[in-house]
Amino acid sequence: MSDAKEYSCVKLEIDDEGIAWVSFNRPEKRNAMSPTLHFEMEDVMAELETNEDAKVIVLTGEGVSWSAGMDLKEYFRETDNNPKARFKSQWAHRHWAQYLMVSAKPSIAMVNGYCFGGAFTPLAACDIAIAAEDATFGLSEVNWGILPGGNVSKVFRDLASHRDSLFYAMTGRTFDGKKAVDMGIVNLAVPADKLREETLALARELLEKSPAVLAFTKQAVKAVQGMDMNMAYEYLGAKQGALRAADKEGTRQKGMSEFLDNKSYRPGLGAVKRD
Ligand code: ACO
């Protein structure tokens with residue numbers, strides 16, 4: 001395990017397998033997202049995107065919380081009369097979440113505890129999400145006088161149903177990890193004491209795949225959401241061609257050859273072995 005860089009509100013460790021463990025690191029404030037945390041996360045994302053040692057990103061929280069959302073004191077109250085400072089931290093937040101959303105590297109949200117309000121932005125930006133069964137999720141904005149802003153109403157509505165989106169946004173009721181799976185907010189919920197182990201297994205599964213194939217796959221799945229059928233055919237055809245040029249490992253050729261010629265491998269059951 002190597003410390004890639006030191007931050008005050010974020011912890012970044014890239015392990016020997018290539019898993020970048022990124023933790024919100026303000027446990028005493030339940031990992032509420034302060035302006036400093038946003039500025040640091042912007043740097044973390046740029047670092048991860050350009051660091052070849054980082055192959056899979058896991059985003060989690062230190063202590064009992066994933067993130068209690070935006071910091072009501074530092075992000076809101078202290079910038080209420082300082083639009084310039086508010087803009088800078090909003091901008092950084094938006095940037096790092098967008099970087100995460102479009103990163104070429106696969107990302108997993110490992111939700112270990114509280115996930116409120118603004119925390120849905122990074123949650124939705126991660127490709128895959130795994131939560132502790134007893135994690136606590138909520139759109140608490142309505143409880144203290146704002147609507148789910150930034151992109152929270154949008155990403156929540158993209159993930160959950162019309163009914164659930166309105167229900168949870170209007171009541172502010174909390175829900176646990178199991179319910180989050182039912183709603184489509186996260187992929188898996190596991191007992192808290194198995195969360196890291198299950199996340200590690202998932203990260204290792206992703207590490208077996210070709211990075212180029214994974215990057216193009218996640219980009220394609222995200223991009224087709226806003227397309228009509230004809231556009232999707234066109235886009236995916238072009239993207240497929242671009243992937244063959246980009247995949248220097250030649251995964252497609254290798255996969256076909258191992259299956260059809262050597263008969264040593266079943267594509268339906270796992271990744272073709274990488275060199
Ligand atoms: N912003 C600023 N400080 C926070 C936040 C937050 N979002 N969440 C927790 N903290 C701070 C508390 O003020 C407290 O600080 P202090 O020790 O200096 O007094 C410390 O973290 C611990 O908080 P407690 O409330 O004592 O912790 P507890 O474990 O009892 O409760 C919980 C945790 C449920 C997360 C609670 O802190 C809470 O409701 N936080 C606010 C959640 C929220 O509404 N987030 C904003 C959503 S809206 C948005 O993000 C745009």
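Every number for a ligand or one of its atoms is a count from 1 in the order of the listing.
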side-chain contact (heavy atoms from CB on, under 4.5 Å) between Met33 and Tyr75, intermediate numbers included: CA-CA 7 Å; Met33 294 184 283; Tyr75 184 90; over 6 Å; no
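- Closest to atom 40 (N) of ligand 1, if we only count protein heavy atoms, is Ala68 CB, 4.3 Å.
- Close contacts of ligand 1 with Leu72, meaning ligand atoms under 4.0 Å from a residue heavy atom, involve 1 (N), 2 (C), 6 (C), 7 (N), 46 (C).
- Contact of the Leu37 side chain with the Asn31 side chain is not registered, since no non-hydrogen atoms from C-beta on lie closer than 4.5 Å.
- Residue Arg274 qualifies as enclosed at atom CZ: its count of foreign heavy atoms under 6.0 Å is above 12.
- Using modelled atom types, no side-chain atom of Arg77 and backbone atom of Glu74 make a donor-acceptor pair closer than 3.5 Å.
- Counting only heavy atoms of the protein, atom 39 (O) of ligand 1 lies nearest to Phe116 CE1, 4.9 Å.
- In terms of protein heavy-atom proximity, atom 33 (C) of ligand 1 is closest to Tyr114 CE1, 3.6 Å.
- Among Phe137, Phe167, Tyr114, the one residue that satisfies the ring pair (Phe, Tyr, Trp, His ring centres under 6.0 Å) test with Phe175 is Phe137.
- Taking atom 49 (C) of ligand 1 as the reference point, the nearest protein heavy-atom neighbour is Gly118 N, 3.5 Å.
- When the options Met70, Met33, Arg77, Lys29 are ranked by their closest heavy atom to atom 7 (N) of ligand 1, first place goes to Met70.
- In terms of protein heavy-atom proximity, atom 14 (C) of ligand 1 is nearest to Glu28 O, 4.4 Å.
- When Leu195, Asn112, Ile130 are each tested for a side-chain contact (heavy atoms from CB on, under 4.5 Å) with Thr60, only one passes: Asn112.
- Near Gly69, meaning under 4.0 Å from one of its heavy atoms, ligand 1 places the atoms 50 (O).
- For the pair Trp144 and ligand 1, a heavy-atom separation below 4.0 Å is found.
- Taking only nitrogen or oxygen atoms, main chain and side chain alike, Gly117 does not reach within less than 3.5 Å of ligand 1.
- Protein heavy atoms are absent from the 4.0 Å sphere centred on atom 30 (O) of ligand 1.
- Proximity to Phe76 (heavy-atom distance under 4.0 Å) selects the following atoms of ligand 1: 51 (C).
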Check against salt bridge (Lys or Arg N to Asp or Glu O under 4.0 Å), Asp182 and Lys178: CA-CA 7 Å; Asp182 292 345; Lys178 287 182 181 170; over 6 Å; no
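- Neither the backbone nor the side chain of Glu74 has a heavy atom within less than 4.0 Å of ligand 1.
- With hydrogens left out, the protein atom closest to atom 26 (O) of ligand 1 is Arg30 NH2, 4.4 Å, a heavy atom.
- For atom 19 (O) of ligand 1, the nearest protein heavy atom lies 4.0 Å away or farther.
- In terms of modelled atom types and a separation under 3.5 Å, the side chain of Ser140 and the main chain of Gly172 share no donor-acceptor contact.
- Closest to atom 5 (C) of ligand 1, if we only count protein heavy atoms, is Ala32 CB, 3.7 Å.
- Tested against Met110 for a side-chain contact (heavy atoms from CB on, under 4.5 Å), the candidates Val58, Leu202, Val22 yield a single pass: Val58.
- Residues Ala212 and Leu243 come closest through the heavy atom pair O-CD1, 3.6 Å.
- Within the 4.0 angstrom cut-off, atom 1 (N) of ligand 1 has one or more protein heavy-atom neighbours.
- Remark: side-chain polar atoms of Ser65 are not paired, donor with acceptor, to backbone N or O of Gly113 under 3.5 angstrom.
- For the residues Ala119, Gly172, Gly145, Ser140, the heavy atom positioned nearest atom 43 (C) of ligand 1 is part of Ser140.
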